[in-house]
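Only this structure's heavy atoms are used, side chains among them; waters, hydrogens and symmetry mates stay out.
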Amino acid sequence: MSFWSQAREMARADLIVERRAGETLRIVLPFAIAALIVFPLALDLRLELVSEIGVGIYWALAILFGMQVALRQTANDSPERRDLHALAGVDPAARFTGRLVSGVVLMTAFMLVLLISMVVLFDPDLPDGGWPLLFLSILLVAIGLTELGTLAGEVTAGLRSRSALASLIVAPLSLPLVIGATETVGALERDTGILPWILLLIATDLALAVAGVALAKPLEEATR
């Protein structure tokens with residue numbers, strides 16, 4: 001099979017597993033929405049303040065719970081499954097790419113549903129032209145978080161506490177994504193340029209993609 005055929009099959013298999021397990025939409029998403037509901041209570045139901053900082057609350061929860069979505073494959077990636085892929089001759093880079101594709105689909109769906117919940121609960125005010133840029137930021141953050149989660153899963157493969165270690169890897173490395181996403185909306189509110197922050201998100205995604213593909217084979221060999 002070609003590289004892209006392998007990647008497509010990996011993505012399809014991951015989406016089938018997710019459809020049966022339902023970790024993202026049945027477990028992580030309800031907890032994220034529940035956390036979204038708690039914030040107005042913590043702010044004494046001052047709706048004007050909630051509306052003002054609604055986007056900031058959204059990004060905080062999207063990153064926090066998005067890490068759980070990104071790391072969902074870490075718990076399911078058993079040594080037996082990795083050995084099966086190796087015996088089948090699956091290209092490690094194709095496996096990384098396929099998992100990236102399936103992860104981006106799930107991450108984007110998660111973040112969009114959370115965004116709808118934020119709009120319904122907080123009715124945030126965004127400057128003119130803010131919504132398209134918010135959607136662009138969501139897509140770029142979804143790609144970056146998924147790349148981080150997939151790469152962290154590869155780095156910690158075979159370790160006993162891989163889930164906890166993967167979280168420790170993803171959390172600090174997600175800072176460029178957090179900064180780029182929040183500053184994009186902040187720049188719109190301040191009526192300043194957003195190009196540097198969009199470029200930060202794009203550069204982070206590209207760097208993680210290159211690192212993931214380049215390190216896929218060495219990391220697989222290191223875990224054997």
Side-chain angles (χ1 to χ4, degrees), residues 24-25 27-43 46-72 100 103-152 166-208:
T24 299
L25 299 181
I27 300 176
V28 180
L29 182 59
F31 277 101
I33 294 176
L36 200 62
I37 296 173
V38 167
F39 268 96
L41 301 177
L43 296 172
R46 288 183 289 174
L47 297 181
E48 68 282 357
L49 179 59
V50 173
S51 178
E52 182 179 348
I53 66 174
V55 177
I57 295 174
Y58 167 78
W59 280 123
L61 295 180
I63 297 294
L64 178 62
F65 287 93
M67 286 193 296
Q68 304 307 313
V69 177
L71 293 171
R72 82 197 188 286
L100 174 60
V104 169
V105 171
L106 294 172
M107 184 75 73
T108 303
F110 162 78
M111 296 182 74
L112 287 177
V113 175
L114 188 62
L115 176 66
I116 294 172
S117 302
M118 185 268 292
V119 171
V120 171
L121 292 171
F122 299 155
D123 189 23
D125 296 325
L126 285 179
D128 294 338
W131 289 108
L133 290 172
L134 181 58
F135 289 134
L136 176 60
S137 299
I138 286 174
L139 178 60
L140 293 175
V141 170
I143 294 172
L145 270 182
T146 304
E147 289 170 336
L148 275 176
T150 306
L151 189 55
S167 299
L168 292 176
I169 293 173
V170 172
L173 293 180
S174 65
L175 285 178
L177 300 174
V178 176
I179 294 172
T182 55
E183 288 296 329
T184 296
V185 179
L188 285 173
E189 295 175 348
R190 297 188 299 267
D191 196 21
T192 57
I194 64 168
L195 184 58
W197 308 113
I198 295 294
L199 290 178
L200 174 62
L201 291 173
I202 294 175
T204 302
D205 290 352
L206 289 176
L208 291 172

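- You'll find the side chain of Trp59 reaches within 4.5 Å of the side chain of Met111, heavy atoms only.
- Residues Ile169 and Pro172 come closest through the heavy atom pair O-CD, 3.5 Å.
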Please list every donor-acceptor pair under 3.5 Å in which a side-chain atom of residues 136-149 meets a protein atom from a residue at least two apart or in another chain.
from	atom 1	to	atom 2	distance (Å)
Ser137	OG	Leu133	O	2.9
Thr146	OG1	Ala142	O	2.7

Derivation of the side-chain contact (heavy atoms from CB on, under 4.5 Å) call for Leu173 and Leu208: CA-CA 10 Å; Leu173 293 180; Leu208 291 172; 5.7 Å; no

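- Here the shortest heavy-atom pairing between Leu201 and Pro176 reads CD2-O, 4.1 Å.
- Phe65 CZ to Leu114 CG: the interatomic distance, rounded to the nearest 0.5 Å, is 8.5 Å.
- A heavy-atom distance below 4.5 Å is not found between the side chains of Thr182 and Trp197.
- The side chain to side chain contact (heavy atoms under 4.5 Å, CB included) check on Leu195 picks up Leu199, with sequence neighbours excluded.
- One finds the CG atom of Leu200 at 4.5 Å from the OG1 atom of Thr204 (value rounded to the nearest 0.5 Å).
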Please table the atom pairs, donor to acceptor, closer than 3.5 Å between any side-chain atom in residues 28-36 and protein atoms at least two apart or in another chain.
none

